[in-house]
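Chain letters run A, B, ... following the sequence lines, proteins first, then strands; residues in each count from 1. All values below were derived from every heavy atom in this structure, side-chain atoms included, with hydrogens, water molecules and symmetry-related copies excluded. As the structure is a prediction and not an experimental result, all values here were calculated from the model.
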Protein chains: 2
Amino acid sequence: MVKRMNEKIKIRRIDYLPARQVTFSKRRRGIFKKAEELSILCESEVAVIIFSQTGKLFDYSSSSTKDVIARYKSHTGGEKWDQITLHQLQLEKENTIRLSKELEDKTRKLRQMKGEDLQDLDLDQLNKLEKLVEASIGRVIKTKEKKIMSEIMAHANKGAELIEANNQLKQRMVMLSAGGDIGPAGIMELDNLNNVGEEGVTSESATNVTTCSSSAFSLEDDCSDILSLKLG
Amino acid sequence: MVKRMNEKIKIRRIDYLPARQVTFSKRRRGIFKKAEELSILCESEVAVIIFSQTGKLFDYSSSSTKDVIARYKSHTGGEKWDQITLHQLQLEKENTIRLSKELEDKTRKLRQMKGEDLQDLDLDQLNKLEKLVEASIGRVIKTKEKKIMSEIMAHANKGAELIEANNQLKQRMVMLSAGGDIGPAGIMELDNLNNVGEEGVTSESATNVTTCSSSAFSLEDDCSDILSLKLG
DNA sequence: GTGGCTATTGTTAGGGA
DNA sequence: GTCCCTAACAATAGCCA
């Protein structure tokens, strides 16, 4: 039998690893026992949570550690953390429901504007809708015409500028050719270029306006199906 | 000085309240001391949470009780509780964003269908839109005409039934008057009622069809403003 | 890591202030 | 609730298996 040194231990880190591990194990159980005794003797709720140096978890609770933690949170205002999150979640869900309803409403109205799902409308609603759509097409056509005009004007202006620029170039060419090596053939080519530019601008615009059968109305992905519907 | 009875105490509830309170106080501090010693001796993280019988909270921690609890949660999978809620919140927020975008898109398309906000569309899009609206108005008018026809038919049928019923009533009246107290005046009233009913049904429908200036297009709360827009 | 041993130290019941 | 006191008891350091 080995006696202890006649010296009480100091409460400081135990450097010798094996001794520290043993002490950890013994004292840990000691605390758990004390905790249990306290909870029984005094009818109290006790939880002890211990992490060893290596990160291992040991816990004791007279009831359930989680319950004690929950009670702890409610006593320290920690309840708020969860409740705030839950409340945010609740708000977010209500928001989602609201948005879904609005979206559904907008979707239905859009379909009706496109002439779909009309069977549930009464005569009054159909007349209102008809007026809406008529007013709409008037504005669409007006807008389109304005756009066409502005594009024509833009192209015409650009064409005029080009003609003016080319005329100036031709003049220079003539001046240079008078004392240089460029003959009449070169001037003819410039003339042709000029004419092509002038007519091309306006005729392209006009073609776009009258035919317009090319690209899809890209903003209306879910409207394009209408084009294939039978109107009968 | 009073000696203790030569009997070790049993670990059971202390019935005498003052003694229980004192024991609670002493042992509580004893546990906290042990906990601190353990944390120092073995470089471990310790938390002790105690609720007295009266619900009062006492806690010790080598660092911070909340930190230890957080660490406890992460070790017991309790992390999931918060993370699930947070994840749900995250999903809900993403959902909200998605719905908001869809709603914005639908709102914009609806406005364009109504002939508003067209300035940003190019010629191609305007032409597509024009075709959509034209197709729409065709369907709206067709639907309206069908509705009118069916209403007329319904009213006409009902009118015919009424006429038939009234004729039968008139016959009975005539038969009764032959041996009773109803004179020619009564028969005339029945005739008038008959005519009013017959014409009233069809004329009301026709009026509705041509004028239709009464109630609002209730499905289009945010479309009604269009009616007051100037088209020039 | 656990458990036993034992000398020593620490805790605490019971009492009083 | 606290602190002190003291005797009794519990916990545990150091060591081994």
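For the pair Q21(B) CD and dT12(C) P, the computed distance is 17 Å after rounding to whole Å. A straight line from CD1 of I11(B) to P of dT12(C) spans 10 Å, rounded to a whole angstrom. Going from atom CG of L57(A) over to atom P of dG1(C) covers 13 Å, rounded to whole Å. Rounded to an integer number of Å, the gap from K10(B) NZ to dC9(D) P is 14 Å.
Evaluation of the side-chain hydrogen bond (donor to acceptor under 3.5 Å, both in side chains) rule for N157(A) yields no partner, not counting sequence neighbours. Take D117(B) and apply the side-chain hydrogen bond (donor to acceptor under 3.5 Å, both in side chains) test, not counting sequence neighbours, and it matches R111(B). Evaluation of the side chain to side chain contact (heavy atoms under 4.5 Å, CB included) rule for E102(B) yields L103(A), R98(B) as partners, not counting sequence neighbours.
No donor-acceptor distance shorter than 3.5 angstrom exists from the side chain of R139(B) to the backbone of E116(A), with no hydrogens or angles considered. Of the possible donor and acceptor atoms, none in the side chain of S136(B) sits under 3.5 Å from a partner among the backbone N and O of L132(B). Under the 3.5 Å distance criterion, the side-chain polar atoms of K147(B) are matched with a main-chain donor or acceptor of L121(A).
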Show me, pair by pair, the donor-acceptor contacts under 3.5 angstrom made by side chains of residues 36-48 of chain B, not counting sequence neighbours?
from: E37(B); atom 1: OE1; to: R27(A); atom 2: NH1; distance (Å): 2.6
from: S39(B); atom 1: OG; to: E36(B); atom 2: O; distance (Å): 2.7
from: E43(B); atom 1: OE1; to: R13(A); atom 2: NH1; distance (Å): 2.9
from: E43(B); atom 1: OE1; to: Q53(A); atom 2: NE2; distance (Å): 2.4
from: S44(B); atom 1: OG; to: L38(B); atom 2: O; distance (Å): 3.4
from: E45(B); atom 1: OE1; to: R71(B); atom 2: NH1; distance (Å): 2.4
from: E45(B); atom 1: OE2; to: S63(B); atom 2: OG; distance (Å): 2.8

Sugar-phosphate or base contact per nucleotide [nucleotides 11-17 of chain D; S, B, -; heavy atom under 4.0 Å]: SBBBB--

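Two end axes, each from the C1' atoms of five base pairs, can be drawn for the helix from dT2(C)-dA17(D) to dA17(C)-dT2(D); they diverge by 50°, to 10 degrees.
No side-chain heavy atom of T76(B) sits less than 4.5 Å from a side-chain heavy atom of T65(A).
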